[in-house]
Amino acid sequence: MSDLSKLRNIGIMAHIDAGKTTTTERILYYTGVVHAMGEVHDGNTTMDWMIQERERGITITSAATACVWKDVNINIIDTPGHVDFTVEVERSLRVLDGAVALFDSVSGVQAQTETVWRQADKYGVPRIAFVNKMDKNGADFFNVLNMMKKKLTGKHVAAQIPVGAESGFEGQIDLIKMVALKYDNGDLGATVTQEEIPENLKDDAEFWRENLLENIAEYDDEMMSMYLDGKQICDEIIYRTLRNATINNGVVPVFCGSAFKDKGVQPILDAVVSFLPSPLDRGDVAGKLTNGEKTVRHPQNSDKFSAIVFKIASDEHVGRLAFIRVYSGTATTKGRMLNPRNGRKEKITRFFKMHSDKRTQIEEVSAGDIVAVVGLKWTTTGDTLCDEDFPVVFEGLEFAKPVISVSLEPKNVEEEAKMLEALARLEDEDPTCQSTENKETGQRLLSGMGELHLEILVDRLKREFGVQVSTGKQQVAYRESICGCASVSENFRKLLDKKEHSVDMTIKVEPREDISKDVVFESEIEDENVPQTFIEAIKEGVLESLSSGEKSGFPVIGIKAVLTNLTIHEIETNEIICKIAASTLFRKACIKAGGVILEPVMSLEIVSPEEFVGSIINDLNARRGIAKGIDVQGLHRVIHAESPLSEMFGYATQIRSLSQGRASYTMSFSNYQTCGGKLETEILRSIGRIY
């Protein structure tokens with residue numbers, strides 16, 4: 001695109017069932033992309049295209065589309081709200097310039113709302129907020145606004161206030177233009193009229209307008225001066241100031257409406273255009289050269305090409321699709337690109353603009369574009385693509401580790417080959433999906449982020465890939481770490497190709513402060529005569545030893561490994577002997593330090609009527625859970641708790657039983673904690689490590 005100031009790359013994010021897909025559907029209708037609105041409950045929305053999404057009425061995978069509003073091009077990614085699919089939010093926010101955060105007008109700030117908000121904070125994504133479902137019984141815009149201020153980062157400022165609520169919700173008062181907005185239900189809300197503010201709401205409107213001006217004045221010197229002098233401030237200055245405040249993450253403007261009732265979506269589009277940043281507003285993109293030096297790429301077509309791959313998907317017609325965000329330069333299918341992570345040259349054969357699961361082929365991409373490409377062979381999620389003569393590496397992506405597994409059993413040998421191929425494709429698409437083989441039992445395990453995640457993955461294996469597979473009981477993804485510090489020194493000798501090789505090495509291990517983190521390697525060797533390739537080989541040897549711990553066979557985490565001494569022999573030492581020695585010494589040090597088994601602990605948010613809270617907490621205590629606090633939410637109570645994952649299987653049935661079907665919960669991974677002696681013994685016995 002030539003004029004990047006007229007481009008917005010945004011995401012729609014929220015807790016599950018806040019109305020993201022319905023809002024996106026209205027956006028597509030009002031911008032003329034679709035000519036009939038689909039509904040989630042009818043299973044015919046544009047963005048929820050997967051059969052699993054339509055059957056369950058939830059978004060599972062992020063979907064991209066585009067529209068035009070008031071001569072501004074808007075690329076939109078609709079993200080899932082269920083915690084099991086939070087990876088889709090993570091990788092989308094990594095490449096977006098702005099976001100619209102949706103809130104349920106009754107529930108307000110929910111568990112996954114806080115999670116996606118933290119993800120947006122992580123990448124510094126400017127946001128506007130939309131309090132949706134204002135027609136719902138119990139709707140309270142001002143209560144939700146207060147919840148935002150208490151629970152979320154940022155300065156949340158009302159840019160609108162509602163006219164009515166629940167069944168009496170009619171529209172909003174625009175606090176900048178100071179008019180009431182009403183919608184014509186005869187044309188599905190497409191016609192928006194501006195009216196005088198109702199007499200009974202004029203005082204409220206003046207109060208909240210003053211609140212808006214007071215909170216944003218500091219972001220513009222001219223406005224601050226006028227505000228302090230008590231002068232009348234024109235709309236143009238307010239828009240300019242609110243835009244600066246939003247783009248710099250100083251303020252989050254808050255709007256309201258009901259997407260399902262076709263009220264309030266056009267003002268959100270106006271806000272996206274007026275207040276969220278273009279690629280130019282986001283500025284230069286930080287990266288590194290291949291030697292580690294810092295550099296930047298400019299969001300201009302004249303700069304050298306650079307992009308990041310943020311998602312891989314399978315398409316039944318074109319095969320492997322890679323979604324990329326272009327940060328600088330232009331590209332066609334004629335040239336080649338470099339993946340600096342592995343040094344591979346890639347040839348893209350086709351570019352596509354995506355509209356959910358539909359594709360439109362284009363010949364060229366340029367700065368700011370979000371497109372799908374075909375032809376990448378050696379590139380995966382988080383990799384950078386760039387001009388082969390001007391390499392740059394952008395910050396990649398980190399993903400949560402799976403915490404729950406299920407065993408897979410193919411019908412026969414032919415099905416096993418199909419299964420392994422299908423699992424490889426699922427892992428390529430979804431970094432939080434892992435397939436492993438238990439070396440002791442030969443059993444194939446599929447691991448994911450939760451019960452629903454596994455259910456969807458297995459369903460896709462059967463339907464999408466046609467694999468005849470049966471599943472076993474769900475299992476907890478335990479980990480192994482150490483409980484103490486230890487150091488092992490050795491003159492390591494080994495015959496390689498009938499020639500003796502040796503190296504003197506000392507490796508020290510100690511628990512990390514946060515045992516839920518991955519293993520890290522550090523070197524204290526400062527001898528300039530030691531080749532860096534030897535240090536890298538030692539690091540590889542340590543990291544390749546993490547797939548199974550010595551005590552339990554579970555993957556190893558939460559350890560800091562330090563190379564404290566290294567003496568090499570000119571003829572007998574090479575990279576291979578360093579790698580083998582490091583792996584051996586690391587394992588010996590871990591045995592000496594004392595192995596411990598770690599179990600995943602989950603964060604719970606349970607919403608229940610007050611009369612069932614006592615029973616729910618008693619049940620949590622019986623599950624080794626801990627209630628961390630209780631909030632009041634209208635007639636309901638929100639219980640914040642933690643519990644080991646192993647105790648939570650079947651909880652959905654249990655909580656329905658305890659609450660007469662009136663309580664609900666969400667669950668997400670919190671951390672790993674050490675198992676007690678008795679529990680550890682039971683786990684080791686169950687996997688055949690002790691009898």
Side-chain angles (χ1 to χ4, degrees), residues 15-16 81-86 107 109-115 118 151 400-406 432 447-455 473-481 514-517 552 554 557-558 596-631 633 636-684 686-687:
H15 186 90
I16 191 170
H82 195 286
V83 65
D84 284 12
F85 309 107
T86 191
S107 302
V109 179
Q110 298 169 275
Q112 188 64 2
T113 315
E114 296 185 63
T115 300
R118 285 194 298 270
K151 294 189 173 185
K401 300 292 188 294
V403 295
I404 187 171
S405 305
V406 66
T432 60
S447 303
M449 299 304 296
E451 294 179 81
L452 180 60
H453 189 202
L454 287 181
E455 181 186 320
K473 189 173 71 171
Q474 290 179 345
Q475 305 170 30
V476 176
Y478 293 106
R479 295 290 184 263
E480 184 175 318
S481 191
D514 183 352
I515 57 174
S516 299
K517 298 289 187 181
S552 65
F554 296 129
I557 62 171
V596 291
I597 296 177
L598 307 177
E599 64 174 342
V601 174
M602 312 302 285
S603 290
L604 292 163
E605 186 177 271
I606 304 165
V607 181
S608 169
E610 185 177 10
E611 61 262 36
F612 304 116
V613 168
S615 298
I616 289 172
I617 290 178
N618 288 337
D619 180 70
L620 279 173
N621 292 336
R623 295 171 181 268
R624 296 191 286 128
I626 301 172
K628 312 279 281 190
I630 302 176
D631 293 337
Q633 189 181 90
H636 288 76
R637 299 294 179 266
V638 182
I639 305 167
H640 303 279
E642 286 188 349
S643 178
L645 175 60
S646 60
E647 304 287 349
M648 297 307 296
F649 292 142
Y651 189 62
T653 302
Q654 177 67 1
I655 199 168
R656 282 196 295 268
S657 174
L658 290 170
S659 65
Q660 300 174 10
R662 295 167 62 193
S664 62
Y665 77 100
T666 55
M667 181 170 68
S668 61
F669 172 73
S670 174
N671 57 72
Y672 276 98
Q673 293 181 6
T674 55
C675 298
K678 183 179 178 182
L679 177 60
E680 186 174 278
T681 301
E682 291 175 0
I683 294 169
L684 291 172
S686 70
I687 60 175

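Computed from a predicted model, the values in this text were never measured in an experiment.
- A distance of 9.0 Å separates NZ of Lys151 from OG1 of Thr113, quoted to the nearest 0.5 Å.
- By the 4.5 Å heavy-atom criterion applied to side chains, Val596 and Cys675 are not counted as neighbours.
- Here the shortest heavy-atom pairing between Glu647 and Ser643 reads CB-OG, 4.1 Å.
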>> Walk me through whether Phe669 and Lys401 qualify under side-chain contact (heavy atoms from CB on, under 4.5 Å).
In response: CA-CA 9 Å; Phe669 172 73; Lys401 300 292 188 294; over 6 Å; no
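- Taking OG of Ser646 as the start and CD of Gln474 as the end, the distance is 13.0 Å to the nearest 0.5 Å.
- Using a distance-only test at 3.5 Å, with no hydrogens or angles considered, a donor-acceptor pair links the side chain of Thr681 to the main chain of Gly677.
- Residue Ser447 comes nearest to Ser405 through the heavy atom pair OG-OG, 2.7 Å, listed as atom of the first residue, atom of the second, then distance.
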>> Pair Ile687, Tyr478 - check side-chain contact (heavy atoms from CB on, under 4.5 Å), show working.
In response: CA-CA 11 Å; Ile687 60 175; Tyr478 293 106; over 6 Å; no
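- A donor-acceptor contact shorter than 3.5 Å links the side chain of Glu680 to the backbone of Ile597.
- Between Leu645 and Glu599 there is no side-chain heavy-atom pair separated by less than 4.5 Å.
- In this structure, the side chains of Leu620 and Leu604 come closer than 4.5 Å at one or more pairs of heavy atoms.
- When side chains are defined from C-beta on, Thr666 counts as touching His15, because their heavy atoms get closer than 4.5 Å.
- Interatomic distance, CG of Asn671 versus CD of Glu642, reported as 5.5 Å (0.5 Å rounding).
- Here the straight-line distance linking atom OG of Ser608 with atom CD of Gln660 works out to 10.0 Å at 0.5 Å rounding.
- For the pair Asp631/His640, a side-chain contact is recorded, criterion being any heavy-atom separation below 4.5 Å from C-beta on.
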> For Phe649 and Glu451, what are the C-alpha separation, side-chain angles and deciding distance, and is it a side-chain contact (heavy atoms from CB on, under 4.5 Å)?
Replying inline: CA-CA 9 Å; Phe649 292 142; Glu451 294 179 81; 4.3 Å; yes
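- For the atom pair CD1 (Ile606) and CZ (Arg637), the distance works out to 14.5 Å, reported to the nearest 0.5 Å.
- Between Ile617 and Ile630 there is a side-chain heavy-atom pair separated by less than 4.5 Å.
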> Asp619 and Tyr651: side-chain contact (heavy atoms from CB on, under 4.5 Å), yes or no, with the steps?
Replying inline: CA-CA 10 Å; Asp619 180 70; Tyr651 189 62; 3.4 Å; yes
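- Counting non-hydrogen atoms of other residues, nucleotides and ligands closer than 6.0 Å to CD of Glu610 gives a total of 12 or fewer.
- Side-chain contact between Thr432 and His453 is present, with at least one heavy-atom pair separated by less than 4.5 Å.
- With rounding to the nearest 0.5 Å, the separation of NZ in Lys628 from OG in Ser670 is 7.5 Å.
- Closest of all the heavy-atom pairs between Glu605 and Val638 is CG-CG1, 3.4 Å.
- In this structure a side-chain-to-backbone donor-acceptor pair under 3.5 Å is present from Asn618 to Gly614.
- Here the side chains of Ile639 and Tyr665 are not in contact, with every heavy-atom distance at 4.5 Å or above.
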